[in-house]
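Quick notes on the structure that follows.
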Amino acid sequence: MSRKLAAPLALVFLASRLILAEEKGDLDAVTRIRDEGLNRSKVMDTLSHLCDEIGPRLTGSPGYRKASEWTRQQLEDWGLANAHVESFAPFGRGWTLEHVSVEMLAPGTGPIAALPKAWTPGTGGLQR
């Protein structure tokens with residue numbers, strides 16, 4: 001083996017030994033965390049509330065503000081001190097999809113499934 005190859009291989013070997021060195025963990029703490037997650041987890045309740053009841057949370061939207069406030073309140077209810085919502089400024093304008101309708105008029109007629117790109121301005125009414 002050439003000397004040029006031996007030094008990098010030795011370095012890789014030593015680095016891998018350091019990476020694979022086993023750290024002594026607190027088995028009692030890991031067991032308590034696992035028990036909490038498997039037996040008393042609120043993950044699905046939280047996810048369900050945010051997705052099914054509050055709904056979309058596009059930055060700057062009313063849904064985003066509602067979800068932020070609900071989350072702050074949940075953290076307080078769970079005992080977290082000084083829970084507060086941080087400002088996301090400066091971001092720009094908010095945006096909410098209220099209604100969209102796109103229809104083909106020629107050569108025939110019919111609805112077209114469409115959604116606007118987020119934060120696009122409204123058309124100010126019907127467009128043809």
Side-chain angles (χ1 to χ4, degrees):
M1 183 181 323
S2 72
R3 288 185 178 196
K4 290 181 181 180
L5 187 58
L9 283 177
L11 185 61
V12 167
F13 175 76
L14 289 173
S16 68
R17 299 298 296 169
L18 289 173
I19 292 171
L20 296 176
E22 188 175 324
E23 181 180 331
K24 299 292 182 201
D26 183 354
L27 187 57
D28 185 48
V30 171
T31 302
R32 288 192 325 260
I33 291 169
R34 182 178 293 138
D35 178 58
E36 189 70 29
L38 293 174
N39 297 314
R40 289 174 293 284
S41 176
K42 301 283 186 198
V43 170
M44 293 309 293
D45 295 335
T46 301
L47 183 64
S48 174
H49 187 81
L50 287 171
C51 293
D52 299 336
E53 295 180 36
I54 292 176
R57 297 168 306 280
L58 187 64
T59 304
S61 69
Y64 176 84
R65 288 187 292 277
K66 184 177 178 183
S68 296
E69 188 53 39
W70 180 83
T71 302
R72 184 200 58 74
Q73 185 61 51
Q74 278 298 116
L75 293 172
E76 277 186 2
D77 292 349
W78 291 336
L80 189 69
N82 194 28
H84 60 278
V85 177
E86 293 285 338
S87 172
F88 202 71
F91 178 73
R93 65 180 188 254
W95 189 83
T96 302
L97 173 61
E98 293 175 3
H99 177 76
V100 64
S101 176
V102 179
E103 297 196 27
M104 177 175 62
L105 301 176
T109 61
I112 299 176
L115 290 173
K117 185 176 176 182
W119 295 294
T120 56
T123 60
L126 294 174
Q127 302 293 311
R128 191 175 183 96

Shortest non-hydrogen contact between Ser61 and Pro56, atoms and distance: OG-O, 4.4 Å

Within the distance-only criterion (no hydrogens, no angle test), does the side chain of Arg57 pair as donor or acceptor with the backbone N or O of Ala67 below 3.5 angstrom? no

Of all residues at least two apart in sequence or in a different chain, which pass the side chain to side chain donor-acceptor pair (under 3.5 Å) check with Asp35? Asn39, Arg40

I'd like to check Thr96 versus Tyr64 (side-chain heavy atoms, cut-off strictly below 4.5 Å). Are they in contact? no

If you take all heavy atoms of Lys66 and Glu53, which pair is closest and at what distance? NZ-O, 4.4 Å

Taking side chain as C-beta onward, heavy atoms only, is Leu58 less than 4.5 Å from Trp119? yes

Do the side chains of Leu50 and Thr71 get nearer than 4.5 Å, heavy atoms only? yes

Cut-off 3.5 Å, no hydrogens considered: what does the side-chain donor-acceptor table look like for residues 77-88, sequence neighbours left out?
| residue | atom | partner | partner atom | Å |
| --- | --- | --- | --- | --- |
| Asp77 | OD1 | Gln73 | NE2 | 2.8 |
| His84 | ND1 | Asn82 | O | 2.8 |
| His84 | NE2 | Glu86 | OE2 | 2.8 |
| Ser87 | OG | Ala89 | N | 3.1 |

Kindly give the cluster partners of Ile33, where membership spreads through any ILVMFWY side chain lying under 4.5 Å from a current member. none

Are Glu76 and Arg72 within salt-bridge range, i.e. N to O under 4.0 Å? yes

Given side chains that start at C-beta, do those of Ile112 and Glu103 come closer than 4.5 Å, heavy atoms only? no

Can you list the steps and then say if Trp95 with Thr59 is a side chain to side chain contact (heavy atoms under 4.5 Å, CB included)? CA-CA 8 Å; Trp95 189 83; Thr59 304; over 6 Å; no

Shortest non-hydrogen contact from Arg128 to Leu105? NH1-CD1, 3.4 Å

Using the test side chain to side chain donor-acceptor pair (under 3.5 Å), find all partners of Gln74 that sit at least two apart in sequence or belong to another chain. none

Name all residues meeting the side chain to side chain contact (heavy atoms under 4.5 Å, CB included) criterion together with Val100; count only those two or more places apart in sequence or in a different chain, and write none if there are none. Leu97, Val102, Leu115, Pro116

Are any side-chain N or O atoms of Ser41 and backbone N or O atoms of Leu38, one a donor and one an acceptor, separated by less than 3.5 Å? no

Should Met104 and Thr109 count as side-chain neighbours, where that means a heavy-atom distance under 4.5 Å? no

For Ser48, check side chain to side chain donor-acceptor pair (under 3.5 Å) against everything at least two apart and list the hits. Asp52

